[in-house]
Protein chains: 4
Amino acid sequence: MSENVASFPIPEPQGDEYESQPKDVGGVAGARLKSFIERIERLEEEKAALAEDIKEVYAEAKGTGFDTKTMRKLIRLRKMDGDKRREEDELLELYKSAVGLV
Amino acid sequence: MSENVASFPIPEPQGDEYESQPKDVGGVAGARLKSFIERIERLEEEKAALAEDIKEVYAEAKGTGFDTKTMRKLIRLRKMDGDKRREEDELLELYKSAVGLV
Amino acid sequence: MSENVASFPIPEPQGDEYESQPKDVGGVAGARLKSFIERIERLEEEKAALAEDIKEVYAEAKGTGFDTKTMRKLIRLRKMDGDKRREEDELLELYKSAVGLV
Amino acid sequence: MSENVASFPIPEPQGDEYESQPKDVGGVAGARLKSFIERIERLEEEKAALAEDIKEVYAEAKGTGFDTKTMRKLIRLRKMDGDKRREEDELLELYKSAVGLV
DNA sequence: ACCGTGGTTAGCTTTC
DNA sequence: GAAAGCTAACCACGGT
């Protein structure tokens, strides 16, 4: 009774081919959905892997004696600078196109 | 161009070049720190790019008529399955080591 | 002069009556705010007390020879089951409303 | 096969009696463990309920026009005062006992 | 255009 | 003293 976990289209929990296409479940739309879902999951995995990598770099830096809290602050600051710069550039572009300088 | 923003000690808040390498500012440690920072920033950029990609996939799916909220829930659910599986495995290991089965 | 940071709410730091209502400081709103703040603080206290209790149970279990790490994992797992169940229900609702079955 | 979630003692995810005592699983220890687990889960539930309540109070305050972010700051400040006070008291006690004033 | 919700990240506490 | 788990702040998305 607590068993039918998948009374709705939650194909499988795990790394796996779900070979039998679910084409009949929701019609063609099912295959389409499945494709979107899988693309997203793939991207999320890569994202998680990068987050992992970042943690490792911090750990390494820490092992070398750096204070990670300070490092984070630094990076945040630099990012803010970058964003600011970008906005200024965009504004400039805007001006240019407004003046017909494309 | 947006290069070498920061050699080391939170140089300036502003867009600017200070080409002269900071090798003497903080000694060798400065170069080391800079290297860590740049590695992290590189990884963060990639991560942001992936987040961008994900958004686009959602947008595309939405354009095809799918409800993104539902999609997100589905994905969350599938992720939970994966996580749960992983935790169960860990618990099993824990039991084994507790019983001396290494 | 760093004194009375709180010409306004922040009446006193401590167990204490501040009988004279601050009704004139910030107008009626002040009394209202004070009431909200106190309600929250009361609830936070109870929450902290429960956290304390939980720690004690773990300590007792540990004293009886159980491995708390395993216990925690077990509990987390059981919680995940509950959460998953809940999410599945929500997803089902989502589907229904998406299909107009309200 | 992905079904037997509970190849190990994870009774059930849900509101449920696990009537048949697990006395044979791990011997008497099983019942003891179960009892601890349930006590903790009960406490965790109450804690979660309080967190819920707190959120509601914030929501209500917000509805009345208060800025919750500011409120949180206020509360944090007041809490710090309380903690500080407490620490001072403890220090005082320490002094007293050190001097034999119990 | 705003609000509410959900996800992410950072800081803190506690454990080993 | 390091590692992990928990909690709280922040941010971004989607809906109204």
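When reading the values below, keep in mind they use all heavy atoms of this one structure, side chains included, and skip hydrogens, waters and symmetry mates. Lettering of chains follows the sequences in order, A, B, ..., and the numbering in each one begins at 1.
Applying the side-chain contact (heavy atoms from CB on, under 4.5 Å) criterion to Lys69(B), with sequence neighbours excluded, gives Asp67(B), Leu94(C). Evaluation of the salt bridge (Lys or Arg N to Asp or Glu O under 4.0 Å) rule for Arg86(A) yields Asp83(A) as partners, not counting sequence neighbours. Judged as a side-chain contact (heavy atoms from CB on, under 4.5 Å), and not counting sequence neighbours, the contacts of Ser35(C) are Arg39(C).
Remark: P of dA8(F) and CE of Met80(D) are 16 Å apart, rounded to the nearest angstrom. As rounded to whole Å, 16 Å separates atom P of dG6(E) from atom CG of Leu74(B). Rounded to an integer number of Å, the gap from CG of Leu77(C) to P of dG5(F) is 13 Å. One atom, CD1 of Ile40(A), and another, P of dG7(E), lie 13 Å apart when rounded to the nearest Å.
Sorted by first then second residue, the side chain to side chain donor-acceptor pair (under 3.5 Å) pairs that include residues 44-59 of chain D, not counting sequence neighbours, are Arg42(D)-Glu46(D).
Contacts between residues 45-57 of chain D and DNA chain F, defined by a heavy-atom separation under 4.0 Å, are made by Lys47(D). Within residues 61-69 of chain C, the residues approached by DNA chain E to less than 4.0 Å at the level of any non-hydrogen atom are Lys62(C), Thr68(C), in residue-number order.
Mapped onto DNA chain F by nearest heavy atom, Arg76(D) and Tyr58(B) fall at different nucleotides, with Arg76(D) at the one closer to the 5' end.
In this structure, Arg72(A) reaches the dA10(E) phosphate: one of its side-chain N or O atoms is under 4.0 Å from OP1 or OP2.
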